[in-house]
2 protein chains.
Amino acid sequence: MATMADVARLAGVSIATVSHVLNGTRAVRPETRAQVLDAIRAADYTPNTVAQSLATARTTTIGLTLSAISNPYFGDLLLGVESEAARAGYTLLLVDPHEDPELEDRVVRQLHSRRVDGVLLAPSAEPGAALRYLAHRSVPTVLVDRLIDDRMDQVGTENVEAVAGLVGHLAERGHRRIALVAGHPGRATTIERVEGYELGLARHGLPRDPALLVDGHSETEAARAAVHTLLGLDAPPTAIVTANNSMTIGAMQALRDAGVEVPRDLALVAFDDFPWADLFAPRLTVVAQPFDRIGREAVRLLLRRMADPAAEPTTTRMVPDFVHRDSCGCGLPA
Amino acid sequence: MATMADVARLAGVSIATVSHVLNGTRAVRPETRAQVLDAIRAADYTPNTVAQSLATARTTTIGLTLSAISNPYFGDLLLGVESEAARAGYTLLLVDPHEDPELEDRVVRQLHSRRVDGVLLAPSAEPGAALRYLAHRSVPTVLVDRLIDDRMDQVGTENVEAVAGLVGHLAERGHRRIALVAGHPGRATTIERVEGYELGLARHGLPRDPALLVDGHSETEAARAAVHTLLGLDAPPTAIVTANNSMTIGAMQALRDAGVEVPRDLALVAFDDFPWADLFAPRLTVVAQPFDRIGREAVRLLLRRMADPAAEPTTTRMVPDFVHRDSCGCGLPA
DNA sequence: CTGTTAGCGCATTCAC
DNA sequence: GTGAATGCGCTAACAG
């Protein structure tokens, strides 16, 4: 494999000159420059980024730690991150800790070993070890999707107003018994979405009925069971809000199993959109998280942090899009 | 940042010894070893993979070139690749050429610059430049998803029998006018799926009606138009096979717009499954590509190729899963 | 405008 | 069982 030394020899110049024409880092006489360029072509030279990184202590690489890569949900996030990173000349190192805090710690160390210039982290449930490591080594870091510490840079979705809006939408259609299928207790997103739910109720003078706030554990199966419970209530809800995409699936299954037709018999609105949601039956009314924008913003924050390690920590909450379809019942004859 | 030299000094040994205890690459007296380990802890030492790579000419990194990362379709592929790579101690460098051959060439060069040990490539429509570069530099490479050259290692889905099976399923239900919405002309997958379609017809003694083989261009909009055309035929099909997920969407839209109810008025079976396909109406009968397994196998082939550059090129075709749901009409009262 | 040289952090050969 | 020394390929002073 051709090295700079080969090119230098071929061009009859010093290795330093080659480096400088390559990087445009100091003036070079046009003819010399041309010779070097020719030599590069002749030698079929490809710069060695590894050597470059060792010399400069920069890798132009950013690490992305994402669990459940396969969640279609994250496709857009990945896309946003990749394109914004590429635009800035950075390449992505992708690792998947599979929601395991210990693995998370390990992969973060690995990323640091590889000397990534920065880390984008969608934190697991117990990200303590990983975060401490990152902080201790002062690795520029941005939290994505799950916001857990406003002393760090982080980007995610605005949850409170979004859910309040969903509840309001139902209330305005006349619903008074609105249930929430909430996520895993303790999770930041869960807390905020429950808060939004209660805010929405309050705004419309609706009472808080504890029986209508059920735990779907952020998962399909638990949500299915929770909705089943809701349907068995003496005074079942006339409308349901589900707090993430997996739970929406479970809720729909429970409803279908019970022979409850949405939106005729019951209204349902959801947090998170689905790809090809138009072909669902019924077409779901949802708030859609802007994952693409979240990814892009995360990269921007990270670049800023890398440029200025002393910058003030920033928390950005992106407002999700309200997608008005059929499951809320707005298309129904009054 | 602590280096090996720091650790060596702290432990009162040579840098060589530190390296050897770290890599287990030669015998070290237990006590010396213990001292070194202590020093590593004390210095809070993290190995520098970059330096390691420069010295060994290996990066334990593999490059993944994937367009349309956001296609939910690819989530499982990514998952398979990531986990299998991680298992072998490799980290993924992810790049997205956005189906652009020129960009593809550029990102491939970039990956080589970063000295990835191997490349997984889902080739664009014109992968010539990128492939030549890879071959010329003898970078171990495995083609994924789109099989285009059996002189290289490649992994994808078995298309012919899969589509023939789909057609057979319809034929056995009594359909005699079965249409195919085919993909972008010339693409390897398109050719094979068309072949499977014709094979399926032949096996059941069905005539080949050119009017029933329409071009959906692998895209939603074109498929929608194509199905519209099909419906306008004097003798329209009673069943449709769509050759990929995007075209299935288009077909469903066209059918809905025309007031054709599936499977009551017309049967539809598709290539490619969807996440949450259970919530579609109707629930689609499909063949699902095993992307997870494809990803894993691709990594395995790549590892083999890296270990033995002279190995015989292997083409692997994974048999997709038949998922029997409702859109084929099998659940209909006879 | 150009060349010389000293590292970057580690693996590894050769000597002891 | 251990250490000294060289080189991986490049950047960045420093000197001219």
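Throughout, a chain's letter reflects where its sequence line sits, starting with A, and its residues are numbered from 1.
Counting distance only, with no hydrogens placed and no angle test, the side-chain atoms of Arg29(A) and the base atoms of dG3(C) include no donor-acceptor pair under 3.5 Å.
Summarising the geometry, the separation between NE2 on His112(A) and P on dG9(C) is reported as 12 Å, rounded to the nearest angstrom. The CE atom of Met4(A) sits 16 Å away from the P atom of dT4(C) (whole-angstrom rounding). Note: CZ (Arg33(B)) to P (dT2(D)) measures 12 Å, nearest angstrom. Distance CG (Leu22(A)) to P (dG9(D)): 15 Å, rounded to an integer number of Å. One atom, CD of Glu31(A), and another, C1' of dC1(C), lie 11 Å apart when rounded to the nearest Å.
Side-chain N/O atoms of Ser83(A) and Arg296(A) include a donor and acceptor closer than 3.5 Å. A donor-acceptor pair shorter than 3.5 Å cannot be found between the side chains of Thr61(B) and Arg114(B). Inspection of the Thr314(B) and Arg300(B) side chains reveals no N or O donor paired with an N or O acceptor under 3.5 Å. Checked by atom type, the side-chain pair Ser124(B)/Glu99(B) shows no donor-acceptor distance below 3.5 Å.
Taking every side-chain heavy atom of Ile15(A) into account, dT4(C) is the closest of dT4(C), dG3(D), dC10(C). In this structure, the nucleotide among dG3(D), dC10(C), dC10(D) sitting nearest to the side chain of Arg26(B) is dG3(D). Comparing atom distances between the Val13(A) side chain and each of dG3(C), dC10(D), dA11(C) picks out dG3(C) as nearest. Set against dG9(D), dA11(C), dG3(D), the side chain of Ala16(B) has dG3(D) as its closest nucleotide.
A heavy atom lying under 4.0 Å from DNA chain C marks the following residues of residues 52-59 of chain B, by number: Gln52(B), Ala55(B), Thr56(B).
Mapping His20(B) and Arg115(B) onto DNA chain D by nearest heavy atom places His20(B) closer to the 5' end of the strand. Each of Met1(A) and Ala27(B) has a nearest nucleotide on DNA chain D; the 5'-most of these lies closest to Ala27(B).
Residue contacts for Thr32(A): at a heavy-atom cut-off of 4.0 Å it reaches the sugar-phosphate backbone alone, with no base atom in range.
Neither OP1 nor OP2 of dC10(C) sits under 4.0 Å from any side-chain N or O of Ser19(B). For Ser14(A) and dG3(C), the shortest distance from a side-chain N or O to OP1 or OP2 is below 4.0 Å. Put simply, Asn23(B) has a side-chain N or O that comes within less than 4.0 Å of OP1 or OP2 on dA11(C).
Taking 4.5 Å as the limit, some side-chain heavy atom of Leu94(B) sits within range of a side-chain heavy atom of Leu78(B).
Between Arg106(B) and Asp100(B) there is no salt bridge, since no side-chain N of the basic residue sits under 4.0 Å from a carboxylate O of the acidic one.
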Using salt bridge (charged side-chain N to carboxylate O under 4.0 Å, His left out), reason through Arg304(B) and Asp308(B) one step at a time and then give a plain yes or no. CA-CA 6 Å; Arg304(B) 188 196 62 147; Asp308(B) 176 13; over 6 Å; no
